[in-house]
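See below for the structure under consideration.
Just so we're clear, the structure is a prediction, and the values are computed from it rather than from any experiment.
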Amino acid sequence: MPVTGEDCTMSEAVGLRAPRIYNLFPPLTGSIPDWSRHILRVRDMGFNWIYINPFHYPGFSGSLYAVKDYYRLNPMLRGPAYASDDDLLRGFIESAGSHGLSVIMDLVINHTSRDSTLVHEHPDWFQRDPDGNLVSPCASHPDDPDKRTVWGDLAALDYHPRPQRAALVGYFCSVVRHYARLGMRAFRCDAAHRIPADVWLAIMAAAHQENPDILFFAETLGCTPDEVEALRPARFDYLFNSSKWWDGEAPWLLDHYEQFRDLAPSVSFPESHDTARLAAETEASGVSSVKLIAEVQRYRYLFSAMFSSAVMMPMGYEFGFTRPMNVVTSRPEQWENARFDISPYVAEVNRLKASLSVLNREGPQQRLASPSGAYALLRRNNHGAEWVLTVINPPHNGTACLALDRDPIGRRAACGIDVTPAFPAGGSTADLAVLVLRGGEIRVFTGTTEPEEPLADL
């Protein structure tokens with residue numbers, strides 16, 4: 001039965017409509033009038049949100065994330081249009097909204113470009129070294145703290161408590177109010193863990209003055225659990241998780257999920273604008289068959305959609321694009337020919353996700369193992385008896401046979417209904433004795449009943 005937001009509080013309604021996000025990458029798409037050409041197909045794939053990377057006027061490096069002016073458009077996104085910058089954005093947002101799609105924009109406030117208007121107008125808003133030079137933000141490699149990446153085209157803003165901070169925070173409060181008035185429904189907060197929680201609270205309050213339903217997504221990839229925990233007072237609506245990099249066995253993913261699911265529900269993704277393309281990774285692993293590459297794309301999208309409340313898919317994933325999205329050099333002429341089109345499958349996954357409340361709330365989740373080499377993730381609903389079991393046979397595993405009367409996963413699956421997208425059988429498992437999965441196959445079951453005896457794994 002489809003999920004609706006009727007007869008529930010606002011927070012419950014948001015939970016029941018967890019975002020299914022399509023990342024429309026501006027430099028690959030072209031000018032803003034060109035963005036609208038994708039709206040219908042994004043809607044038809046079952047997404048309800050469109051995420052747009054920074055569209056602001058960039059600094060000397062040309063990077064989308066090196067913002068020079070927060071109130072002007074990147075010239076390459078204007079095209080031949082005569083409308084004002086604001087009217088172009090408002091027109092796209094309204095067009096998306098007429099088809100049931102809300103728009104998320106990137107909010108980059110940890111830094112600006114080194115040649116930004118703010119550097120010239122408010123030089124005391126920025127971090128400085130002992131010699132008075134601008135400080136560029138940097139990050140350490142997670143596996144080797146001695147390896148650091150420094151973004152030399154950027155200048156880090158200074159949010160330490162001091163007299164100048166009030167004006168700095170006030171400036172970005174004005175920025176979010178401006179875009180909220182244009183119709184933006186959410187902000188993806190780049191490098192959220194680098195900004196103090198009380199600053200985020202002030203910025204959220206400013207946006208909510210324009211629209212109380214605006215959402216804030218924390219981008220926290222690559223940071224430590226303590227850095228994520230420090231954001232708890234800010235009460236973000238969603239945060240991004242690292243399920244893309246999970247090997248199916250290591251405990252860290254479910255540990256983080258459990259630690260932070262009461263902080264905010266999370267967003268999974270099979271690839272992003274910051275990662276290599278999955279199709280390219282699959283090819284590099286030795287897979288040359290286009291059919292098999294498409295199967296991996298389906299496998300990884302289904303896993304992402306089943307793991308967490310919200311899911312995000314970047315532009316081109318549905319077609320098996322292999323060229324990485326680049327925040328400096330990507331251009332519309334780099335649009336690739338489709339190697340395949342899994343859009344209908346993505347639509348089925350999104351319809352399933354929208355139809356089950358347990359897949360739109362961050363409830364308890366745990367891993368079940370099988371002697372066959374397959375494993376499963378069992379998600380429960382905090383607000384009822386509903387559960388979803390995602391049974392995963394890793395690509396490197398051979399055929400897995402799970403006895404429905406003895407295997408821990410099989411016994412759970414036998415209590416439910418097979419709702420696997422695009423799977424021809426479907427229906428009840430009551431007439432089966434063994435559940436058979438080929439390598440790289442995922443099956444999804446849902447139900448409200450429990451096995452007659454407790455499962456040892458539980």
Query raised in the report: E271 and R300: side chain to side chain contact (heavy atoms under 4.5 Å, CB included), yes or no, with the steps?
Result: CA-CA 9 Å; E271 67 181 31; R300 293 290 291 273; over 6 Å; no
Could you tell me if the side chain of [Y] sits less than 4.5 Å from the side chain of [X], heavy atoms only?
X: D69; Y: S116; result: no
X: F240; Y: S266; result: no
X: I39; Y: S36; result: yes
X: Q366; Y: L377; result: no
X: H193; Y: V228; result: no
X: R361; Y: N381; result: yes
X: W335; Y: P332; result: no
X: D262; Y: R232; result: yes

Requested in this report: Please report the C-alpha distance between I195 and I109 in whole Å, then the side-chain angles of each, then the deciding distance to 0.1 Å, and finally whether the side chain to side chain contact (heavy atoms under 4.5 Å, CB included) criterion is met.
Outcome: CA-CA 8 Å; I195 311 295; I109 67 169; 4.2 Å; yes
Whether the side chain of [X] engages the backbone of [Y] through a donor-acceptor N/O pair (distance < 3.5 Å, no angle test) should be reported.
X: T420; Y: V444; answer: yes
X: R380; Y: P364; answer: no
X: W246; Y: A250; answer: yes
X: S309; Y: A18; answer: no
X: S113; Y: V67; answer: yes
X: N48; Y: R20; answer: yes
X: E386; Y: V388; answer: no
X: S136; Y: V150; answer: no
X: R379; Y: M306; answer: yes
X: W35; Y: G30; answer: yes

For a quick check under 3.5 Å, do [X] and [Y] share a side-chain donor-acceptor pair by atom type?
X: H208; Y: D213; answer: no
X: S272; Y: D274; answer: no
X: S268; Y: S308; answer: yes
X: N241; Y: S243; answer: yes

Report task. Determine, for D85 against R78, whether the closest basic-nitrogen to carboxylate-oxygen distance falls under 4.0 angstrom. Result ->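 Looking at R78 together with D85, the answer is yes, because their closest N to O distance falls below 4.0 Å.
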Query - Presence of salt bridge, E281 and K244, under 4.0 angstrom - result: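 Yes, K244 and E281 are salt-bridged.
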Requested in this report: Can you establish whether the number of heavy atoms outside R128 located under 6.0 Å from its atom CZ is more than 12?
Outcome: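 Correct, the count exceeds 12.
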Query raised in the report: Counting only heavy atoms not in D247, do more than 12 fall under 6.0 Å of its CG?
Result: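 Counting other residues, nucleotides and ligands, CG of D247 exceeds 12 neighbours.
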Would you please name every residue forming a ring pair (Phe, Tyr, Trp, His ring centres under 6.0 Å) with [X], sequence neighbours left out?
X: F260; value: none
X: F307; value: Y257, F303
X: Y301; value: none
X: H56; value: Y70, Y179

Requested in this report: Report the residues that fulfil salt bridge (charged side-chain N to carboxylate O under 4.0 Å, His left out) with R41, sequence neighbours left out, ordered by chain and then residue number.
Outcome: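 Testing R41 for salt bridge (charged side-chain N to carboxylate O under 4.0 Å, His left out), a comparison that skips the adjacent residues, returns E318.
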Report task. I would like to know whether S343 and D341 meet side chain to side chain donor-acceptor pair (under 3.5 Å); could you show each step before the answer? Result -> CA-CA 6 Å; S343 298; D341 186 357; 2.5 Å; yes
Of all residues at least two apart in sequence or in a different chain, which pass the side chain to side chain contact (heavy atoms under 4.5 Å, CB included) check with [X]?
X: P196; result: Y159, R165, D198, V199
X: E333; result: R331
X: T322; result: A279, A280, E283, E336, R339
X: V327; result: F25, S63, L64, Y65, H273

Query raised in the report: So, is the end of the R367 side chain (NZ or CZ) under 6.0 Å from the ring centre of Y375 and within 45° of the ring's axis?
Result: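 Yes; both conditions hold, so R367 lies above the ring face of Y375.
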Query raised in the report: Pick one: which of F236, Y238, F187 meets ring-ring contact (aromatic ring centres under 6.0 Å, His included) with F217?
Result: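 When ring-ring contact (aromatic ring centres under 6.0 Å, His included) is applied between F217 and each of F236, Y238, F187, only Y238 qualifies.
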Report task. Report the C-alpha separation of S31 and M76 in whole Å, then their side-chain angles, then the decisive distance to 0.1 Å, and conclude whether the side chain to side chain contact (heavy atoms under 4.5 Å, CB included) test is met. Result -> CA-CA 6 Å; S31 65; M76 71 174 175; over 6 Å; no
Query raised in the report: Just one of F47, Y51, F269, Y317 clears the side-chain contact (heavy atoms from CB on, under 4.5 Å) bar with N23, so which one?
Result: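 Answer to the side-chain contact (heavy atoms from CB on, under 4.5 Å) test with N23 among F47, Y51, F269, Y317: Y51.
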Quiz: residues 117-127 side-chain donor-acceptor pairs under 3.5 angstrom, not counting sequence neighbours:
from, atom 1, to, atom 2, distance (Å)
T117, OG1, K68, O, 3.2
Q127, NE2, L157, O, 3.0

Name the atoms and distances for all side-chain donor-acceptor pairs under 3.5 Å in residues 170-177, with sequence neighbours left out.
from, atom 1, to, atom 2, distance (Å)
S174, OG, G170, O, 3.2
S174, OG, R177, NH2, 3.4

Donor-acceptor contacts under 3.5 Å from residues 88-104 side chains, at least two apart:
from, atom 1, to, atom 2, distance (Å)
R90, NH1, D87, OD1, 2.7
S98, OG, S95, O, 2.6
H99, ND1, R43, NH1, 3.4

Report task. Could you walk me through whether V42 and W49 pass side chain to side chain contact (heavy atoms under 4.5 Å, CB included), step by step? Result -> CA-CA 9 Å; V42 172; W49 289 81; over 6 Å; no
